[in-house]
Amino acid sequence: GKISVGYAGNLSIHYLDHALLLALAAEYPSIDFWFMGPLDLANTSLDKDQIEKLKKLKSLSNSHFTGKLSSKEVFNQMKHMDILILAYQHQRYYKQLASPHKVMEYLATGKPVLSFQMEEYRNTTGLIEMVGTREEYLIRFHEMVTHLEQYQQKQKMDNRINFALDHTYTKQLEKIDSFVEKFLEK
């Protein structure tokens, strides 16, 4: 069947690499690109160039925009994807790069994830495909769609899911811990 690639998040944010998203969708007309999240071109901090790129992206027949979805709907959509992508302008907006919450959501699906380097996940070998430059991003994307089955091996998918579960669970425990401590201090 057709390969589906997904991005989840607000599309009107200025640190998203719109040029890269457009390059991918234009380069791979036989792949479906799903953009799950709000897109408001009238009310945005984007510059003219970014708005142009988004309009071009919207005009491509292989790119699909779902609009704003609930977390549950996003998760259900993501489960139908073959690859999930994070595409922030990492050189310019280093800090915004990883919303840990979004990375965990991506990993929780078990799907292969492509992203620019993220400091927090440097030592998580094999969980996330991370690259340094736009050129490397395009090369790795090509590799992933060409050898999809290698990235979708059950063991790899389980590792991603377990990592996300571990971290969500640990975070919950820490919250409970600090709550209990506060309670005991009274």
Side-chain angles (χ1 to χ4, degrees), residues 1-93 95-116 118 128-131 133-146 148 151-152 157 160 164:
K2 244 183 159 186
I3 293 176
S4 293
V5 172
Y7 166 82
N10 190 336
L11 291 144
S12 315
I13 47 177
H14 59 278
Y15 51 84
L16 193 60
D17 195 337
H18 298 91
L20 178 61
L21 296 176
L22 178 60
L24 287 172
E27 180 78 26
Y28 295 92
S30 64
I31 292 177
D32 276 322
F33 289 83
W34 290 88
F35 300 102
M36 300 162 268
L39 171 60
D40 183 0
L41 288 178
N43 181 17
T44 174
S45 63
L46 300 179
D47 60 44
K48 279 203 174 76
D49 182 54
Q50 289 175 308
I51 291 174
E52 265 322 290
K53 299 254 185 319
L54 268 170
K55 284 182 176 162
K56 270 192 190 131
L57 187 60
K58 281 193 83 162
S59 72
L60 298 175
S61 61
N62 62 326
S63 66
H64 313 279
F65 291 79
T66 65
K68 195 168 169 25
L69 300 172
S70 72
S71 317
K72 195 175 176 226
E73 289 168 325
V74 170
F75 192 76
N76 288 334
Q77 286 272 125
M78 290 201 299
K79 286 197 297 204
H80 297 293
M81 300 297 140
D82 295 298
I83 295 171
L84 296 171
I85 56 175
L86 287 167
Y88 301 127
Q89 301 185 48
H90 66 304
Q91 272 100 357
R92 284 173 65 190
Y93 303 100
K95 286 282 168 272
Q96 274 96 343
L97 237 170
S99 134
H101 179 68
K102 176 176 294 177
V103 175
M104 288 307 155
E105 274 183 354
Y106 271 32
L107 289 172
T109 64
K111 304 293 178 176
V113 177
L114 175 58
S115 170
F116 288 112
M118 295 181 284
I128 303 169
E129 298 303 313
M130 289 190 286
V131 295
T133 65
R134 212 185 249 176
E135 289 69 38
E136 288 169 8
Y137 196 104
L138 295 167
I139 292 166
R140 184 71 56 92
F141 183 84
H142 181 75
E143 225 168 80
M144 290 174 80
V145 295
T146 314
L148 198 51
Y151 293 90
Q152 289 180 332
M157 294 187 81
R160 295 180 195 117

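Along the sequence shown, residues carry numbers from 1.
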Side chains of [X] and [Y] in contact at under 4.5 Å (non-hydrogen atoms):
| X | Y | answer |
| --- | --- | --- |
| M36 | F65 | no |
| P112 | Q152 | yes |
| L84 | M78 | yes |
| K58 | L39 | yes |
| D32 | I3 | no |
| L57 | F33 | no |

Does K111 come within less than 4.0 Å of D82, counting only side-chain N to carboxylate O?
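Salt bridge flag = no for D82 with K111.
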- Around atom NZ of K2, are there more than 12 heavy atoms of other residues, nucleotides or ligands at under 6.0 Å?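 Buried by this count: over 12 neighbours within 6.0 Å.
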Calculate, to the nearest 0.5 Å, the distance between atoms [atom1] and [atom2] belonging to [X] and [Y] respectively.
| X | Y | atom1 | atom2 | value |
| --- | --- | --- | --- | --- |
| F75 | L69 | CZ | CG | 14.0 Å |
| Q50 | L41 | CD | CG | 11.0 Å |
| E135 | I139 | CD | CD1 | 7.5 Å |
| I83 | R140 | CD1 | CZ | 11.5 Å |
| L11 | H18 | CG | NE2 | 6.5 Å |
| L54 | S63 | CG | OG | 9.5 Å |

Over all heavy atoms of both residues, which pair between [X] and [Y] is shortest? Give the atoms and the distance, please.
| X | Y | result |
| --- | --- | --- |
| M118 | I128 | CE-CD1, 3.8 Å |
| K102 | A8 | NZ-O, 2.7 Å |
| A25 | N62 | O-ND2, 3.0 Å |
| N76 | H80 | O-CD2, 3.0 Å |
| T66 | G37 | OG1-N, 3.6 Å |
| S61 | H64 | O-CE1, 3.7 Å |

| said: Under the criterion side chain to side chain contact (heavy atoms under 4.5 Å, CB included), I'd like the reasoning laid out for L46 against L16: C-alpha separation, chi angles, the key distance, then a yes or no. | reply: CA-CA 10 Å; L46 300 179; L16 193 60; over 6 Å; no
### Query
Can you check side chain to side chain contact (heavy atoms under 4.5 Å, CB included) on T133 and F116, steps first, answer last?
CA-CA 7 Å; T133 65; F116 288 112; 5.7 Å; no
From CA spacing to verdict: side chain to side chain contact (heavy atoms under 4.5 Å, CB included), Q77, W34 | CA-CA 9 Å; Q77 286 272 125; W34 290 88; 3.9 Å; yes
Answer yes if the ring centres of Y28 and F141 are under 6.0 angstrom apart, and no otherwise.
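That pair passes the under 6.0 Å test.
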Q | Verdict with supporting geometry, V5 and M81, side chain to side chain contact (heavy atoms under 4.5 Å, CB included) | A | CA-CA 6 Å; V5 172; M81 300 297 140; 5.9 Å; no
Can you tell me how the ring of Y7 sits relative to the ring of Y88, calling it parallel under 30°, perpendicular over 60° and tilted otherwise?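 It falls in the perpendicular class, over 60°.
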Side chain S12, main chain D40, donor-acceptor under 3.5 Å
yes
- Message: Tell me if a side-chain donor or acceptor on R160 pairs with a main-chain N or O of G110 at a distance below 3.5 Å.
- Response: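 Yes; at least one donor-acceptor contact below 3.5 Å.
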